[in-house]
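Notes for the one structure printed next.
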2 protein chains.
Amino acid sequence: MARVRLQDVAEHAGVSMKTVSNVVHSHPNVSESMRERVQRAIDELGYRPNAIGRRLATGRTGLLALAFADVRLPYFSELANEVSKAAAATGSGYRLLLEETEGTIEGERAVLSASEAGLVDGMLLQPSQMSSREIAERHGDLPMVLLGEGPAPLTVDRVMIDNVAAATVATEHLANLGRTRIAFVGHEKSAMSSTSRQRIMGYQEGLERRGLPVEHDLLIDTNAITSHDAALAVGAALDRGVRFDGLVCRDDLAAIGALRALHERNISIPDDVAVIGWDNIAFASTTFPSLSSVAPNTQALARVALDMLAERIEGFDGIGRHRIVDFELVLRESAPAAFPTEEPDLAAATVSA
Amino acid sequence: MARVRLQDVAEHAGVSMKTVSNVVHSHPNVSESMRERVQRAIDELGYRPNAIGRRLATGRTGLLALAFADVRLPYFSELANEVSKAAAATGSGYRLLLEETEGTIEGERAVLSASEAGLVDGMLLQPSQMSSREIAERHGDLPMVLLGEGPAPLTVDRVMIDNVAAATVATEHLANLGRTRIAFVGHEKSAMSSTSRQRIMGYQEGLERRGLPVEHDLLIDTNAITSHDAALAVGAALDRGVRFDGLVCRDDLAAIGALRALHERNISIPDDVAVIGWDNIAFASTTFPSLSSVAPNTQALARVALDMLAERIEGFDGIGRHRIVDFELVLRESAPAAFPTEEPDLAAATVSA
DNA sequence: CTGAAAGCGCTAACAT
DNA sequence: ATGTTAGCGCTTTCAG
């Protein structure tokens, strides 16, 4: 059975294509009898509008690209889910095309040029390697919003949380717990991302505010953003005699790796070492001990990003808007509340931005 | 700057659209001088072919839908990554549209009807709720391959691992470790999926082969497929006096929850209770203790599925082919090798299907 | 080897 | 309120 087209329905019902189109779109100006007649033809023929034809005519595909390093990173898969929910909630009917850049500059370039092909109406991109300048040059006239604290040209919209502030809050929380030797774990050994850079800046700020030691030894880098590499790196640091009683982790992956390295060496968490992760991924609540973590408000992030992107798609052409969304420090067992008064209920304890 | 079209290039180069098209497609029958001239025009104008126009003309979008319950489940995000790599590797140039069904029948229906609209060339679907019959009826003429052990009509292609056999292997491995009271954890309390059903069948088979007790008490169900719910369920079972020394988990999420429940009660793993998960997600190697797990060969699964889908898209119209791909039992600390001879190197230890 | 023209299925002016 | 018609950007016979 060949596909049935708008035209076929029109003939079958003995009306023009325009009328069928009106019925399909529930256009107001259609008489009831007409609507019925056409609807019958549609049902009889089993007509389904063809998205491609429509899109060629309207210039809209109803597709948005969401591009980031790797879906396997829990932060990104949770973000994808959030964006897709937010898109559904707006009723705009947008669907998501997921693109992975592998965190490489080639990957980021590929994603930008591929999306120019008119397949998508706009793009949400979390860059990490490309320079601001290249992003600005390459995206051409594709409506785009940048996600995260990576490079961002002033001409392009961007939404992120205040990473420096959040890292400071996390570090100071450890200080509140009486920790004096606080290490940072999980930044890239080479080619440090702006994400890591900002979190380290905030970490240092926290230490300085509390008059705690800032030492290079307390910066534990990893080969890759995986819990496995973090476990190795933290283990190696411990084994070569680096001592710390608090750990601010670049992300929950690093934190989970750190937990393992500490467990292996019978170091008690949080008694000997308190640990704070970042991203508040789903697993954070079921590690042992459960993980305190910086929780970006990804729901707000998704909503704000989609709103801005929608405006760009509608034709808004102003200068780039840079938006900040809030975060919380979710306190769990690995770095609990400092004072009973700080938070009565650990499971829900938060310090807002 | 407005988009530059094939037409513009043709005019700029002073040739016909057909010639430009030939150059774009590296058609053999084009003189070298012509090719150069056109290529220059393409470069000067910065022409990028429009995917939608092409699709309308060819009937192909180069888009494949990958639909499953929820990207946040690590098995699925890892699968998505694998499929997208496999698609890239074939050079077919397919890109992936991710669709989430939320594991509900409405979600599955929505995904099937949305894809009918001609936006995608084919679909990879991991169903869980829909009946075989409904799948067969609804997918219409959309090329489709089913993933996993869910419902699958005989008329549709499907690829999966042998869940019953894998569960038996896992259960027998625990028996090899001398475990005699082996429980199963993580199936849905209500509306049990075929996935859970098959794994439980294999588990029972394993127990029976070894003459071990098969008791309803040893079936620990959960409210949802999350590590959090699994931790609660296992904790509750322990607290009401259920005793076991081995745990076959429906998936790694359940296993991670189980680890937490056991830790909380100071039960030693694997000494008191050995644990085997399922899916071999990335975290399995950095939990504490690290997790033994059934590892489906997702790479093969992705490849086989894409191959079959490609054939369907090419027009193959035979009866549904049901393919089985292999799996391994990856042995780590939570349920190590039974005998020194079984596997010298724990980290890489496997028992193949 | 290259050009002209007819669609692919739908939308949206513009008419009536 | 309904019909006509000209595209949207590309591919693809069919001629030349």
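Residue numbering restarts at 1 for every chain, and letters A, B, ... go by the order of the sequence lines.
Panel note: side chain B:Arg5, backbone B:Pro49; no donor-acceptor pair is recorded below 3.5 Å.
Close to D:dA1, at under 4.0 Å from its OP1 or OP2, lies no side-chain N or O of A:Thr19. Within the 4.0 Å cut-off from OP1 or OP2 of C:dG3, at least one side-chain nitrogen or oxygen of B:Ser16 is found.
Using modelled atom types, one finds no donor on one side chain facing an acceptor on the other under 3.5 Å when comparing B:Glu106 with B:Thr101. A donor atom on one side chain and an acceptor atom on the other are found under 3.5 Å apart for B:Thr195 and B:Glu149.
In this structure, B:Glu78 places its CD atom where more than 12 heavy-atom neighbours from other residues, nucleotides or ligands lie under 6.0 Å away. Counting heavy atoms of neighbouring residues, nucleotides and ligands inside a 6.0 Å radius, atom CD of B:Gln299 does not exceed 12 of them.
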Per-nucleotide protein contact along nucleotides 7-16 of chain D, 5' to 3', at a 4.0 Å heavy-atom cut-off (B base, S sugar-phosphate only, - neither), is BBBBBBB---
